[in-house]
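To start, the structure itself, in structure tokens.
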There are 2 protein chains.
Amino acid sequence: MGKGQQTRERLMDIAEASVLTKGFGATSIDEIIAEAEITKSGFFYHFRDKNELARAMLLRYVENEDKVLDEIFDRARELHDDPLHAFLIGLKLFAEMMADLPSGHPGCLVATVCYNERLFDQKIRDLNERAVLAWRERFLTELRAIAEIYPPKDKVNLEALADMVSSTVEGGIVMSKALGQPKILAEQILLFRSYVKLLFLPAVN
Amino acid sequence: MGKGQQTRERLMDIAEASVLTKGFGATSIDEIIAEAEITKSGFFYHFRDKNELARAMLLRYVENEDKVLDEIFDRARELHDDPLHAFLIGLKLFAEMMADLPSGHPGCLVATVCYNERLFDQKIRDLNERAVLAWRERFLTELRAIAEIYPPKDKVNLEALADMVSSTVEGGIVMSKALGQPKILAEQILLFRSYVKLLFLPAVN
DNA sequence: CAAAAACTGTACCGGCGGTGCAGTAAAATG
DNA sequence: CATTTTACTGCACCGCCGGTACAGTTTTTG
């Protein structure tokens, strides 16, 4: 990674932390450059404007989340051949990872984009939508494989169930932040896992 | 309601819509007063500063949500004596209400406070926390009554399960906004309802 | 009709996002 | 080693915004 890329990453790190705690509109460039110890001109060398910073940040965030999810659920499939059990293992690993974040999940950029939509151009909103749709497809694939083997015990729309993974994480983050209790996110993921168990597992005791 | 109170409400209506789509930091007083057709002096007659507007807005929002939830779950208890069935009916009514919002749920102020925490004083963050804790207590009471009659089929922390109602709504709103599909929120509530059914109902067919 | 409530008008301050552009230090390249 | 490219610095400027201060005016209400 060249020096320029390093600076870019540092600027995005600082901006991300600020955006997640103050929102995009209240995140000032002056504040970012002060913390990064760079001049305003230096900032605008890397990003044409604030929106380009947002776009780059969101892209980086989504790519990173995808990588993390790949690792977790690939690992889970390594640990068990059965799709249902692999999925349940993956959810447990996911919950553990969320519980191990030292000061809780810092927040999801996808959620802040939703709650700041008017501030972003169409490109960013599209990127955001595509990220969520990719999550849906990811989990839908797993759920279809599960439903083929284990008939669900209640009539559910698998697409909505796939969305429930993301929804649980987004909701869990908000709850964790609202109550200042990081562990809530992991709890919510485990409750979703309990639902998957009850829905697909033939005999739970 | 006096004229002053009417203006206050109008200012909060306008501010709320803006805060939910642009964040608090990007919501300008100039923009609010332009839409409300009032002067800046008029604004500051009603609210000492932006933070007082936020406090009043959040308080109003939370009180209103509580009222809506009271109505829905009181009605549900009217329709069925059994706590589990009453809760399931309540969730269905809730989902229907969310599905009937013409352009989807506009967003939750509690979530925006979480994602703008650094912009607000302790008073507001406390108010936010208390609101979420009140939701927890509300649903915990119902769940305890249910669990006394129907032994849960999986080991669950009832407190976390109570939080799952709020979490589902918060997550569902984010998903609805991210994908531009209002119905997702209702779907997610119905999936939570399905979980409650599988968890407590003795024989689901 | 008087008092209180609900504003308007005006002038001002410092900070911020953003632009433009000239200059320069450091790193990569031939 | 020289040159080009990359990665910045410095500076001047604009208009908008949150907020302050305060005097004056209209509207509502008891």
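Both backbone and side-chain heavy atoms feed into the values below; hydrogens, waters and symmetry mates do not. Numbered from 1 within each chain, the chains take letters A, B, ... in sequence-line order.
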Basic-acidic side-chain contact under 4.0 Å: R10(B), E37(B): no
Below 4.0 Å: OP1/OP2 of dC7(C) and any side-chain N or O of T7(B): yes
Nucleotide nearest F44(A) (side chain, heavy atoms from C-beta), chosen from dC7(C), dT19(C), dG10(D): dT19(C)
Centroid separation F200(B) to Y150(B) less than 6.0 Å: no
Derivation and outcome, side-chain contact (heavy atoms from CB on, under 4.5 Å), residues F192(A) and Y195(B): CA-CA 9 Å; F192(A) 171 72; Y195(B) 179 36; over 6 Å; no
Rounded distance in Å - CZ (F43(B)) to P (dT20(D)): 11 Å
Separation of atom CG in D49(A) from atom C1' in dG20(C), rounded to whole Å: 15 Å
Distance, rounded to the nearest Å, where Q5(A) contributes CD and dA26(C) contributes P: 21 Å
Geometric class of the F139(A)/F73(A) ring pair [parallel <30°, tilted 30-60°, perpendicular >60°]: perpendicular
Side chain K40(B) and base dG18(D) donor-acceptor under 3.5 Å: yes
Length of the CD-C1' vector between E37(B) and dA6(C), whole Å: 17 Å
Within residues 19-36 of chain A: residues closer than 4.0 Å to DNA chain D (heavy atoms): none
Side-chain N or O of H46(A) closer than 4.0 Å to phosphate OP1/OP2 of dA7(D): no
Trace of the side-chain hydrogen bond (donor to acceptor under 3.5 Å, both in side chains) decision for W135(A) with D66(A): CA-CA 8 Å; W135(A) 292 338; D66(A) 281 342; 3.1 Å; yes
Atom pair distance, as rounded to whole Å: NZ in K50(A) and C1' in dT19(C): 16 Å
Note: E31(B)-K22(B) ion pair, threshold 4.0 Å (strictly below): yes
Nearest-angstrom distance from the residue atom CZ of R48(A) to P of dG17(C): 19 Å
N/O (side chain, Y45(B)) to phosphate O (OP1/OP2, dA6(C)) under 4.0 Å: yes
Protein-nucleotide distance (I38(A), atom CD1; dG10(D), atom P), rounded to Å: 12 Å
Expected output: side-chain S176(B) to main-chain L185(B) donor-acceptor under 3.5 Å: yes
Any N/O donor-acceptor pair, S41(A) side-chain to dC11(D) base, under 3.5 Å: yes
